[in-house]
There are 2 protein chains.
Amino acid sequence: MSTPLPPFPRGQEPSGAPVPLELTVGPAAPQLRADAARNRARLLEAATRLVEEHGVANVTMEAVAVAASVGKGTVFRRFGDRTGLLMALLDHTEQQFQAAFLSGPPPLGPGASPADRLHAFGCRVLREIHDRLDLYIAAEPDASRRFSSAPYRVRFTHVAMLLREAVPDADGVLLAQTLMGYLEPALIHHLTRQCGMPLERLESGWHDLVKRTTCPVSD
Amino acid sequence: MSTPLPPFPRGQEPSGAPVPLELTVGPAAPQLRADAARNRARLLEAATRLVEEHGVANVTMEAVAVAASVGKGTVFRRFGDRTGLLMALLDHTEQQFQAAFLSGPPPLGPGASPADRLHAFGCRVLREIHDRLDLYIAAEPDASRRFSSAPYRVRFTHVAMLLREAVPDADGVLLAQTLMGYLEPALIHHLTRQCGMPLERLESGWHDLVKRTTCPVSD
DNA sequence: CCAGCAAGCGGACCTCGGTCCGCTTTATTG
DNA sequence: CAATAAAGCGGACCGAGGTCCGCTTGCTGG
């Protein structure tokens with residue numbers, strides 16, 4: 001329609017919403033051929049090593065390809081683009097986290113009140129991102145995809161669901177986007193690195209925000 | 001410290017915070033030489049034309065240089081980078097807007113209650129961005145500068161100030177960042193273009209958000 | 001075991017943002 | 001008006017992300 005459009009054939013793109021190739025809850029890997037799977041593993045390993053050796057900012061796609069003894073095209077076919085590769089590096093942690101808030105023990109998982117789950121959720125995300133901030137920043141998709149990536153959608157849907165439960169008569173979608181905005185890597189980076197705020201302050205801020213959001217408004 | 005660092009000599013960078021060359025409230029242009037000023041004007045004109053002819057996404061820096069009959073280096077010296085050029089295209093509107101909420105008539109300007117000013121502020125920003133969405137999206141600085149750009153800082157400071165007035169015992173800075181997050185071009189793009197929400201719904205969402213934010217919380 | 005064929009591969013290639021540096025123009029000052 | 005310093009200029013150049021397309025390789029059914 002407007003965007004230049006699909007870079008590589010990859011899977012089942014053509015139908016409706018662009019299906020992200022991974023990073024979603026559960027494996028759902030579409031049966032890679034043996035050599036492809038091997039190369040994928042090599043690439044992830046190489047990328048991990050390069051990132052911790054030189055810092056994510058200095059890791060180029062070509063360097064990863066070379067380090068994995070693989071052609072550059074292969075990197076792009078497998079991961080789509082740089083963002084895709086970087087997100088794949090966060091996939092394992094992400095899946096664990098998803099499992100934790102979807103079906104783990106309270107207060108993160110089901111069993112606690114929606115508000116309590118929200119409080120726990122935010123703190124967990126804040127710490128998670130804070131611990132691997134550079135990677136999260138670098139893996140941030142560009143503006144037009146920021147809200148469509150699988151991990152974002154899963155988190156967002158979860159927050160929206162909790163919010164609908166906690167404040168049924170509010171616009172849960174908009175409120176959820178607002179809360180999610182507080183958890184953006186770029187903001188966390190700004191506040192902790194550029195403004196020098198301790199993580200604890202961000203956590204208090206989150207608690208306050210949740211309180212204000214879930215308290216019934218006069219109107 | 002960590003970033004690759006300054007591209008061009010330009011002005012008085014070295015002292016402390018990186019002083020953005022324009023886009024701040026007031027003119028403060030540092031006396032361009034005659035030819036430089038002429039080229040600057042040419043460039044802005046050419047860029048404006050190209051943007052409305054081909055859409056901002058298809059406008060390259062080189063194309064702008066050629067269209068303005070100027071060397072490519074000149075574009076970068078004058079505007080720093082692509083983001084800088086695009087922001088300059090928004091500068092005129094931005095200055096008018098700043099004047100309106102800093103010293104214009106209520107409810108946007110001083111005279112109304114902080115809460116009323118916040119309500120007005122958000123609606124104005126929403127419309128402003130909605131009207132030139134593509135340009136705002138394209139002009140968005142990368143993650144590490146999103147919160148340091150002059151226009152952002154002015155808006156943010158304003159919101160924080162109003163918030164401190166309206167809810168003195170809250171963490172105004174964090175609350176302000178949250179409110180600002182609701183006004184991000186990328187989010188507005190997602191909600192209106194990808195989710196198909198009408199602008200009116202975003203406005204209601206803003207009003208609700210301000211209400212919840214400014215209502216005293218039980219603790 | 002072989003043939004056929006998708007899936008996968010890889011590196012040459014392109015584009016575009018950003019940089020460098022030797023040359024030109026402008027402003028200043030005596 | 002000359003001399004001079006500084007500001008500006010511009011296009012060759014570079015690096016990195018992303019694409020293309022002819023070749024290779026692993027699967028599958030006969």
Side-chain angles (χ1 to χ4, degrees), chain A residues 3-13 21 29-43 46-47 50 54-87 138-142 145, chain B residues 3-13 21 29-43 46-47 50 54-87 138-142 145:
Chain A
T3 45
L5 268 233
F8 272 84
R10 187 193 328 151
Q12 66 284 66
E13 288 277 342
L21 49 175
Q31 288 270 59
L32 289 184
R33 227 170 66 174
D35 52 348
R38 186 205 53 192
N39 283 342
R40 194 188 124 91
R42 272 192 194 174
L43 282 166
L50 288 186
H54 305 109
V56 65
N58 300 315
V59 173
T60 73
M61 294 300 267
E62 183 142 27
V64 173
V66 170
S69 309
V70 143
K72 195 176 171 183
T74 303
V75 191
F76 283 92
R77 173 166 332 90
R78 196 55 54 211
F79 298 101
D81 57 10
R82 191 179 137 98
T83 290
L85 173 59
L86 264 21
M87 289 214 300
E140 191 103 343
D142 60 274
R145 282 182 297 171
Chain B
T3 45
L5 268 228
F8 271 84
R10 190 199 319 154
Q12 65 286 64
E13 288 276 343
L21 49 174
Q31 288 271 59
L32 289 183
R33 227 170 66 174
D35 51 348
R38 186 206 53 194
N39 283 342
R40 194 187 124 90
R42 273 192 194 174
L43 282 166
L50 289 185
H54 305 108
V56 65
N58 300 315
V59 173
T60 73
M61 294 300 267
E62 183 142 26
V64 174
V66 170
S69 309
V70 143
K72 194 177 172 185
T74 302
V75 191
F76 284 91
R77 174 167 331 88
R78 196 55 53 213
F79 298 102
D81 58 11
R82 192 179 136 97
T83 291
L85 173 60
L86 264 19
M87 290 214 299
E140 190 102 343
D142 60 273
R145 282 182 297 172

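Below, read A as the first sequence line, B as the second, and so on, with proteins coming before strands; counting in each chain starts at 1.
Judged by atom type and distance alone, A:R77 reaches the base of C:dG10 through a side-chain donor-acceptor pair under 3.5 Å.
The nearest whole Å value for the distance from the CD atom in B:Q31 to the C1' atom in D:dA6 is 15 Å. The nearest whole Å value for the distance from the CZ atom in B:F79 to the C1' atom in C:dT19 is 18 Å. D:dG18 atom P lies 9 Å from atom CZ of A:R82, rounded to whole Å.
One finds no side-chain N or O of B:N39 lying less than 4.0 angstrom from the OP1 or OP2 phosphate oxygen of D:dG8. Of the side-chain N and O atoms in B:R78, one or more sit less than 4.0 angstrom from OP1 or OP2 of D:dC9. An OP1 or OP2 oxygen of C:dG8 is reached within less than 4.0 angstrom by no side-chain nitrogen or oxygen of A:T74.
Looking at heavy atoms from C-beta onward, A:M87 lies out of side-chain contact with A:F79 at the 4.5 angstrom threshold. By the 4.5 Å heavy-atom criterion applied to side chains, A:L85 and A:M61 are counted as neighbours. Contact check for B:E140 versus A:D142: no side-chain heavy atoms found under the 4.5 Å cut-off. With a 4.5 Å cut-off on side-chain heavy atoms, A:D81 and A:R145 count as touching.
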After noting the C-alpha distance and the side-chain angles of A:L32 and A:R40, does the key distance pass the side-chain contact (heavy atoms from CB on, under 4.5 Å) rule?
CA-CA 9 Å; A:L32 289 184; A:R40 194 188 124 91; 3.7 Å; yes
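Atom CZ of A:R78 sits about 8.0 Å away from atom CG of A:N39, to the nearest 0.5 Å.
Two residues, A:E62 and A:V70, neighbour DNA chain C, and the one matched to the more 5' nucleotide by heavy-atom proximity is A:V70.
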Nucleotide by nucleotide, nucleotides 23-28 of chain C touches protein heavy atoms under 4.0 Å in the pattern (B base, S sugar-phosphate only, - none) --BSS-
